[in-house]
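Sequential numbering from 1 along the given sequence is applied to the chain's residues.
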Amino acid sequence: MVVRRYIAHHYETAPQRPERATARAEPPRPSVMRKWLRRHRWQLVPIHVATGAYAVAGIADQWPTAGYGTLAVAGAGAVAWLSRVSPAERAYGRLAVAGAAGWVVVADLAGPWTIGSAALWTAALIAAGRPWWRSHRVRGRIRVDELVDAWPAWSDRASLGGVRIVSATAGRVHDRLRLELLRGQQRARTVAEHLEDLASVRGIAPWRLRTDQQITATDPGLVDLLVTHTDPWRDEHGRPVPLPHPAVADPAAWCAPARMADPIPYGVEAGAAAAAVALRNERGGRFLAIASKKGGGKTVLLHDLLAGLCRMVDVDVAMIDCKEQGKASRPWAPRLIRRATTPTEALALLRWASAENDRRGADSPDPVLQPTARRRALVVVIDEYGALALGDERVKEEVEVLARKIRSASGALILADQRPDSSTWTGALRGQLDEVIVGLLENRRDAKAILPSMDGLDPTEFELSGQMVQQAGKKGRQVEARTWHLEQPEDITAVVEACRDRWPANPITSRSTQEVGMPDPAPLPRGQRAHDIRQQIRDGLDAITRQDHSGVPDLTVDELRACAAANPGPEPTAAERSLDERIYAAIKAAPPGGLAMGDLVEAVQEPRSTVQVRCAAMRRQGRVHTDPPKGRHARWHITVSDQPAMSNA
């Protein structure tokens, strides 16, 4: 081919260039032996070590100085390398090095080419090689090598051409392949959309492949592909396996004494490790939030946490459970120092917990209470928080106050909600969160109301019962876990009885549940209970109708008050006078807003009916009065007036 070019205003013939090859020369294909050696290089390590020991013994037989010098250098290098592995592997390596050195010495004395030395060498190779060949680390390396070698063809057939493997790590449950995407052309969701194609090409179940997108937050060009080979949540066919609580199998072993600083295990992580959450750190107590829709495992998770709290020797537990009159918390009642099953009791318990937290923090000699068997920390558990907060605005206010101050006395607060909402989980409450555990939710709006971030797992796509995602802090790593199953009342009773020695010897207040140890009433036949109630109402009305009211005078309210003043009641006894003084002192020490009847009952520690009777008597005497006069919002005040007694009646 002749090409003309323009040079210095005239044409000349340019020299002909050799034509480039249209196709690259193919690299030489490796031989069959080379492929076999590369594929089985990890299984051949014990044979390589044994062959090297035999060679060192042969050298020592002819040249002792060179042979033993080589043995010393190789042994020192192996011992130095063993400092990087786990303790079990380090012990195995040291035994292997000692065995190889001992065999070299014996072979040098008896002759390396004798039948006895060869038989001993073969037996040592089989004995020392078996743990190596059975090691999960070796099998993992072989498995990862196969994945890396197959990835080019695997990804091309699944329409992921150009995605290459940066690193590969073997694990006990799944192997991690870190993939690098084509910059500007592919995104992390590209790999997620082709997971089914990858599984189909590989010939494995789709649930064995998933992506860990948390690495994408730091570098959007990287994605971690997790290839599961042993799932602790499923069997070989992908069906979920039951996860019974360890306390069900052996309550005595599970209920070994523990402290509040110890994390509470509640399930199994995706990596087969025990999932746990801590309710205390070096700065004090922590605030934990739990959220899950109906059937998502929220109640079972609360049972798991209560089982962990039950065995602690330095913890007092108070619980609010207003769903179905506290049916879920009834088996735990003997271990609780206080329990509320109605909204009114819940509000009173929250106020008591706030004051009790301040008292325990003030009595502590340290700036942060260090819980002991005598100085216990207070843990408050609230179930169905959203329903309580929507029913009474004061509940949300008290919870926010308690969340701010609970860690000052090393206490902990656990809130569980079925459907988080931005109106109840406000910024003031979310700002105090230390840990969040979220199960299956209805929609992403509910998840965003409680989760600090949605960069990783999506709680609306969970498939297994009890599947949870745990996140610590706003930027903490999300951990996927599945809860243990602890729900049968007889199993919970066994745990509580095994931890009887950890019950508080002198609780602050008596337990508010009197039904502990009492059998439940037998259910009536369908419709019988309503019929009995109607019959009782009819009988009462008939009795009132049959009474003779002819001699009763028709008096007005003022006339009735005048009659009451003219005919005072009997003089109070010594016990009643003492109770009157205690009531008067409690009302006098109340804040300017007055004291509610529920708080007054808590202060004097007497039955509510008795306190109401004595308060009515003191009001007739003019010592105390209520503002407003009637209603649920009435507050008791001390009467400071020179007016007659009946003016305050």
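Dense packing is recorded around CD of Glu497, with more than 12 heavy atoms of other residues, nucleotides or ligands lying under 6.0 Å away.
Nearest approach of Ala346 to Ile320, heavy atoms of both residues: CB-CG2, 3.6 Å. Contact record, Ser292 with Gly297: OG-N, 3.8 Å, taken as the closest heavy-atom pair.
Salt bridge Arg394/Glu397: absent, no basic N to carboxylate O contact under 4.0 Å. Between Arg623 and Glu581, at least one side-chain N (NZ, or NE/NH1/NH2) sits under 4.0 Å from a carboxylate O, which counts as a salt bridge. Salt bridge Arg360/Glu356: present, at least one basic N to carboxylate O contact under 4.0 Å. Salt bridge annotation for Glu602-Arg351: absent, with no cationic side-chain nitrogen under 4.0 angstrom from a carboxylate oxygen.
Residues Leu388 and Cys322 form a side-chain contact, since some pair of their non-hydrogen atoms from C-beta on lies under 4.5 Å apart. Taking the side chain as every heavy atom from C-beta outward, Leu279 and Ile414 approach each other to under 4.5 Å. Between Arg419 and Arg445 there is a side-chain heavy-atom pair separated by less than 4.5 Å. Within the 4.5 Å cutoff, the side chain of Pro371 has no heavy atoms near those of the Met312 side chain. Under the 4.5 Å side-chain criterion, counting only non-hydrogen atoms from C-beta, Gln418 is in contact with Glu384.
A donor atom on one side chain and an acceptor atom on the other are found under 3.5 Å apart for His303 and Trp332.
Ring-plane geometry between Trp425 and Phe287 is classed as parallel, the angle between the planes falling under 30 degrees on a 0 to 90 degree scale with a further cut at 60.
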